[in-house]
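What you see below is based on every heavy atom in this structure, not just the backbone, and it leaves out hydrogens, waters and symmetry mates. Numbering starts at 1 and runs along the sequence shown.
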Amino acid sequence: LCIASSCTCTDLIYHLTQIDSVKMEGKLALRTPSVYRRLPALCGVMFCLGAGLEYVMCKTGFYNVTAVKEGQKAASSKAEEEEFWMRVKARREARERMVTIRSEE
């Protein structure tokens, strides 16, 4: 091991990881977590959370409120579009009247 005054943190960590007597063996050893072993439980928990969230959203009327708001948006956009095309039609008719040649009788 190096002397503390001339040793950097990375050197100290390197030396500690190289010492075999520090590593634990047997039941006390640190195992790497197995994703494949925990994946079914994680999927089950996430499924239950999703189902619970959907249940709460249905019971509180979230979807009904959302449907009403979307309907209002659609109705207002349709009304605005109809108003726009009515103005366009009125302008076209006004231009047509200005351009139309009238015969004096």
- Mind checking the OG-CD spacing from Ser76 to Glu81? Nearest 0.5 Å is all I need. 11.5 Å

- Mind checking the CG-SG spacing from Leu53 to Cys48? Nearest 0.5 Å is all I need. 12.5 Å

- Message: For the OH atom on Tyr63, are there more than 12 heavy atoms of other groups (residues, nucleotides or ligands in this structure) within a distance under 6.0 Å?
- Response: yes

- More than 12 foreign heavy atoms under 6.0 Å from CZ of Arg87: is that the case here? yes

- So how far is it from Cys43 SG to Met46 CE, rounded to the nearest 0.5 Å? 9.0 Å

- Message: Hydrophobic cluster membership, with links at side-chain heavy-atom distances under 4.5 Å among I/L/V/M/F/W/Y: are Tyr55 and Leu49 in one?
- Response: no

- Would you call Lys89 and Glu93 a side-chain contact if the rule is heavy atoms closer than 4.5 Å? yes

